[in-house]
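Here's the structure, in structure tokens; my notes come after.
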Amino acid sequence: MSSALLADLRARELVFQVAGEDELPAWLDGGSRTLYCGFDPTADSLHIGHLVPLLMLRRFQQAGHRPLALVGGATGLIGDPSFKDQERKLNTPEVVASWVDKIRGQVSRFIDFDAGANSAEVVNNLDWVAGLDVLAFLRDVGKHFSVNAMIQKESVKQRLDREGSGLSFTEFSYMILQSYDYAELNARYDCSLQIGGSDQWGNITGGIDLTRRMHGAKSFGLTVPLITKSDGTKFGKTESGAVWLDPARTSPYAFYQFWLNTADADVYRFLKYFTFLEVADIDELERADAERSGRPEAQLVLATEVTRLVHGEEGLAAAQRISASLFSGDLAALSETDFAQLKQDGLPSSTVERKALPATLTQMLTEAGMANSGKQVKDALGRNAVLVNGDALSWEDNGSPVEVFAEDRGRYGRYYLTQLGKKKHHLFELL
RNA sequence: GGAGGGGUUCCCGAGUGGCCAAAGGGAUCAGACUGUAAAUCUGACGCGAAAGCUUCGGUGGUUCGAAUCCACCUCCCUCCA
């Protein structure tokens with residue numbers, strides 16, 4: 001069944017590099033194996049860049065293997081230099097510890113802890129690194145590493161070559177720590193496969209080498225490709241920054257919209273990366289979309305699937321509710337409770353007291369987070385791109401929020417669905 | 001410790017005394033076109049409704065006037081020890 005897994009992964013183009021390629025299929029077929037993937041706490045939430053490896057763990061689990069999600073309480077204190085172009089700031093132990101907790105919770109959504117023999121587990125490398133003493137570490141672990149080899153690694157090369165940046169010993173040692181994780185997990189859990197992003201290749205092979213040297217054990221590594229976009233821009237970024245998995249940082253609605261806006265040139269590839277739909281079905285969808293003219297259906301499928309995966313049925317329903325009311329243009333159909341529901345569903349909204357209305361619309365919309373500066377609002381007003389409950393405003397209206405948000409212009413006397421441009425919506429409730 | 005090079009608006013990167021809120025590119029935002037795409041074209045892009053205000057690592061000087069000159073400090077890079 002595992003050769004089938006590998007075949008499926010390849011069909012999805014999810015396999016970038018493999019260490020131990022010749023033996024891996026047979027090894028996987030030989031029984032339920034333990035594998036791991038590490039997630040360093042560099043923020044209080046994971047983002048969609050982490051999604052592919054996360055889903056990868058799940059794919060392996062579905063194929064009968066046991067996934068370990070390693071949260072890097074120790075490595076997060078050091079900072080991974082791999083392909084970073086500059087040294088990173090160190091976070092305090094307290095902060096990292098709090099992030100570890102959050103990320104442990106997030107990771108847990110994707111793998112099954114109650115699957116009998118191949119139940120997943122979350123581990124924290126701080127558990128075995130914290131007690132390590134320096135001399136023992138240098139003698140027992142450091143001795144296995146050749147600096148000559150380490151500086152040959154592609155992942156640190158640009159930092160060594162590049163003018164204007166350097167590489168501290170702290171970050172340089174990261175690879176050793178992560179390698180030690182692998183060796184440790186191998187000893188503790190018989191874990192013999194590590195997966196990760198392609199930027200982790202150097203760390204993974206380092207771990208394989210160390211595992212062999214310390215324990216004489218054979219282990220494997222597999223990386224997933226870097227997710228690229230056809231237009232060359234970085235995947236996972238929006239105007240407002242990264243797309244997070246934490247609903248408090250990126251609402252299910254915004255999350256859904258992110259996927260909905262996937263370019264045609266990327267969407268079928270992304271369906272293979274980010275969903276559990278069969279490859280054949282995705283190909284079929286692509287064919288169907290190509291035959292039809294107009295908007296393809298793939299984005300809708302992608303947004304639906306991934307939102308459900310990350311935010312559950314409820315999150316998906318909320319995202320769909322908001323999207324439908326905002327983009328189908330049928331505002332008049334919204335009932336009073338619908339408005340309340342939209343607020344609850346995560347449509348950006350704010351409550352303003354009538355007597356506390358700002359003097360200008362630029363101020364008001366900027367404060368609401370619809371624009372970064374008054375200039376942008378001004379620009380939009382000048383182009384009839386600001387609408388309140390469907391009516392376009394002009395620059396002349398800027399000084400008179402009181403009239404714009406007058407009671408008789410509101411829905412049910414208090415709701416003002418405001419849009420700036422086509423995609424930015426904000427619901428003002430005036431009291 | 002020594003020698004040299006450098007820190008400019010989100011990023012890259014011009015700018016060596018006034019014409020500089022600071023070239024150019026990228027990113028971003030808005031408009032047209034569309035499918036809530038892509039490509040393309042247009043406009044905006046330090047803050048402010050405006051008057052005006054605040055920027056060029058930091059502090060203090062020189063000067064009518066400084067991102068540009070001087071002093072000190074700080075951070076980074078390269079080479080030497």
In whole Å, what separates the P atom of B:G48 from that of B:C10? 14 Å
Testing B:G31, B:U36, B:A50 for proximity to the side chain of A:Ala385, the answer is B:G31
Distance check needed: B:G46 P versus A:Asn372 CG, whole Å only. 12 Å
From the candidates B:G35, B:A49, B:G43, the one with an atom nearest any side-chain atom of A:Thr362 is B:A49
Partner of B:U78 by Watson-Crick or G-U wobble geometry, both contacts under 3.5 Å, or none? B:A3
Side chain of A:Ser323 - closest among B:A44, B:U36, B:G35: B:U36
Separation of A:Leu420 atom CG from B:G31 atom C1', in whole Å? 12 Å
Tell me which nucleotide among B:U36, B:G43, B:C47 gets nearest to the side chain of A:Ser373. B:C47
To the side chain of A:Lys423, which of B:U42, B:A49, B:A37 is closest? B:A37
Base-pairing mate for B:U68 - Watson-Crick or G-U, with both contacts under 3.5 Å: none
I need the CD-C1' distance between A:Gln419 and B:G31, as an integer number of Å. 14 Å
What does B:A44 pair with, Watson-Crick or G-U, if both distances are under 3.5 Å? B:U28
Touch check for A:Leu361, heavy atoms < 4.0 angstrom, all strands: base, sugar-phosphate only, or nothing? nothing
Report yes or no: does A:Arg12 contribute a side-chain atom to a donor-acceptor pair with the main-chain N or O of A:Thr275 at less than 3.5 Å? yes
Compute the ring centroids of A:Phe428 and A:Phe339, then answer whether they are less than 6.0 Å apart. no
Check the distance between B:G35's P and A:Leu302's CG and give it to me in whole angstrom. 21 Å
Nearest-angstrom distance, P atom, B:C64 to B:G25: 39 Å
Return the nearest nucleotide to the side chain of A:Gln257; candidates are B:A49, B:G43, B:U36. B:U36
Partner of B:U63 under the Watson-Crick or G-U wobble criteria, both distances under 3.5 Å, comes out as none
Using a cut-off of 4.0 Å on non-hydrogen atoms, how would the nucleic acid contact of A:Thr360 be classed: base, sugar-phosphate, or nothing? base
For B:U68 and B:C53, measure between their C1' atoms and round to the nearest Å. 22 Å
Would you say the ring centroid of A:Tyr36 lies under 6.0 angstrom from that of A:Tyr182? yes
Which nucleotide in the set B:G35, B:A44, B:U36 lies at the smallest distance from any side-chain heavy atom of A:Asp264? B:G35
What distance, rounded to whole Å, do you find between the two C1' atoms, one in B:A81 and one in B:G7? 26 Å
Heavy-atom closest pair, residues A:Ser323 and A:Gln257: OG-NE2, 2.9 Å
Between A:Lys375 (NZ) and B:A30 (P), how many Å, whole number? 17 Å
Check the distance between B:U28's P and A:Lys424's NZ and give it to me in whole angstrom. 12 Å
Roughly how many Å apart are B:G65 and B:U78, using the C1' atom of each and rounding to a whole number? 37 Å
Which base sits across from B:U36 as a Watson-Crick or G-U pair, both distances under 3.5 Å? none
Say you pick atom C1' in B:C19 and the same atom in B:C12; how far apart are they, in whole Å? 26 Å
Please work out if A:Gly374 contacts a base, only the sugar-phosphate, or nothing of the nucleic acid, heavy-atom cut-off 4.0 Å. sugar-phosphate
With rounding to the closest Å, how many angstrom separate the C1' atoms on B:A44 and B:C79? 46 Å
Spacing between A:Gln376 atom CD and B:C29 atom P, to the nearest angstrom: 8 Å
Mark yes or no for whether A:Asp199, through its side chain, and A:Ser82, through its backbone, hold a donor-acceptor pair below 3.5 Å. no
Return no unless some side-chain N or O of A:Lys422 is found under 4.0 Å from OP1 or OP2 of B:G31. no
Between A:Lys423 and A:Asn261, is any side-chain donor less than 3.5 angstrom from a side-chain acceptor? yes
Please give the nucleotide sitting opposite B:A50 as a Watson-Crick or G-U wobble pair, both distances under 3.5 Å, or none. none
Centres of the A:His425 and A:Phe327 rings: under 6.0 Å? yes
Looking across every strand, which nucleic acid part, if any, lies under 4.0 Å from A:Asn398 by heavy atom: base, sugar-phosphate, or nothing? sugar-phosphate
5'-most contact on RNA chain B (nearest-nucleotide basis), A:Asn384 vs A:Asn261, goes to A:Asn384
N-O pairing of A:Glu429 and A:Lys343 below 4.0 Å: yes
Heavy-atom nearest nucleotide on RNA chain B taken for A:Gly421 and for A:Leu260; more 5' hit belongs to A:Gly421
Taking atom P of B:C33 as reference, at what distance in whole Å does atom CZ of A:Arg383 sit? 13 Å
When the C1' atoms of B:C45 and B:U55 are compared, how many Å lie between them, rounded to an integer? 16 Å
For B:A22, give the paired nucleotide (Watson-Crick: N1-N3 plus N6-O4 or O6-N4; G-U: N1-O2 and O6-N3; both under 3.5 Å), or none. none
